[in-house]
Amino acid sequence: MAYWLMKTEPEAFSLDDLQARGQEPWDGIRNYQARNFLRSMQPGDGIFIYHSRVAVPGIVGMAEVVSSAHPDPTQFDPRSHYYDSGSSLDKPRWDLVDVAYRSSFTQCISLDSLRNMPEFADSPLVRKGNRLSILPITESQWQHVLSLVDDGRQ
DNA sequence: GCCAACGTTGGC
DNA sequence: GCCAACGTTGGC
């Protein structure tokens, strides 16, 4: 059992969209470090969903990994924005996992507040210029955020 | 919308 | 294998 944080731009795909669909293949990851994290995910792992490129970026709710990593089909589709001509069916370069909606926080745990939590002092999440869209969350980070939303979780 | 920070690409 | 140029991310 491990914990992760996944960023999304709500304008493209929000936590509400995930809630509406129930479950979604998390495609389009095109960064090797993020892909390697995808590959180490297991069904049952917890996920914080983070909204980026908004007025108040932060953790907005929770999801769960419901599949292990498998090839991202968009890499093979020339019409896809995520097409990768350097990838092939027998040697796929990019993977995805399926993600299921779990809950929405009544209140966003903002990046600003995360910066003030000792638990997140060493997290790449709060480092300037960080561009990792998937990153591991420690047990203490997970528990701490949960403790802040315990009475506010929907 | 701007732009700093970063990862990737490709010429050499 | 270096590194400039480029494209993208994401806070602001």
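Throughout, protein chains are lettered first and strands after them, A, B, ... in sequence-line order, and every chain is numbered starting at 1. Here the structure is a predicted model, which means the values were calculated and not measured.
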Checklist entry - Among residues 72-87 of chain A, which contact DNA chain C at a heavy-atom distance under 4.0 Å? => result none
Next on the checklist: Is there a salt bridge (charged side-chain N to carboxylate O under 4.0 Å, His left out) between A/R39 and A/D95? Walk through the geometry before answering.
Outcome noted: CA-CA 7 Å; A/R39 289 183 173 173; A/D95 280 6; 3.2 Å; yes
Checklist entry - Is there a donor in the side chain of A/S14 and an acceptor in the side chain of A/D16, or the other way round, less than 3.5 Å apart? => result no
Checklist entry - Would A/R30 and A/D72 satisfy salt bridge (charged side-chain N to carboxylate O under 4.0 Å, His left out), going step by step from the backbone distance to the final call? => result CA-CA 10 Å; A/R30 296 293 182 270; A/D72 177 348; 3.1 Å; yes
Checklist entry - Which heavy atom of A/Q141 sits nearest a heavy atom of A/S123, and at what distance? => result NE2-CB, 3.8 Å
Item to check | Side-chain H-bond candidate by donor/acceptor type, A/S113 with A/N116, under 3.5 Å | outcome: no
Item to check | Validation row: A/L96, A/E24 side chains within 4.5 angstrom (heavy atoms) | outcome: no
Please tabulate, one pair per line, all N/O donor-acceptor pairs under 3.5 Å involving side-chain atoms of residues 53-71 of chain A, not counting sequence neighbours.
{"from": "A/E64", "atom 1": "OE1", "to": "A/R102", "atom 2": "NE", "distance (Å)": "2.7"}
{"from": "A/E64", "atom 1": "OE1", "to": "A/R102", "atom 2": "NH2", "distance (Å)": "3.2"}
{"from": "A/S67", "atom 1": "OG", "to": "A/D98", "atom 2": "N", "distance (Å)": "2.9"}
{"from": "A/S67", "atom 1": "OG", "to": "A/D98", "atom 2": "OD2", "distance (Å)": "3.0"}
{"from": "A/H70", "atom 1": "NE2", "to": "A/D98", "atom 2": "OD2", "distance (Å)": "3.0"}

Next on the checklist: For A/R53 and A/G129, find the nucleotide of DNA chain B closest to each by heavy atoms; which residue's nucleotide sits nearer the 5' end?
Outcome noted: A/R53
Checklist outcome for this item: Min and max contacting nt of DNA chain C in 5' to 3' order, chain A heavy atoms within under 4.0 angstrom, are C/dG7 to C/dC12
Item to check | Working for ring-ring contact (aromatic ring centres under 6.0 Å, His included), residues A/W4 and A/F48 | outcome: CA-CA 6 Å; A/W4 308 95; A/F48 283 145; over 10 Å; no
Checklist entry - Of A/K128 and A/R93, whose closest DNA chain B nucleotide lies nearer the 5' terminus? => result A/K128
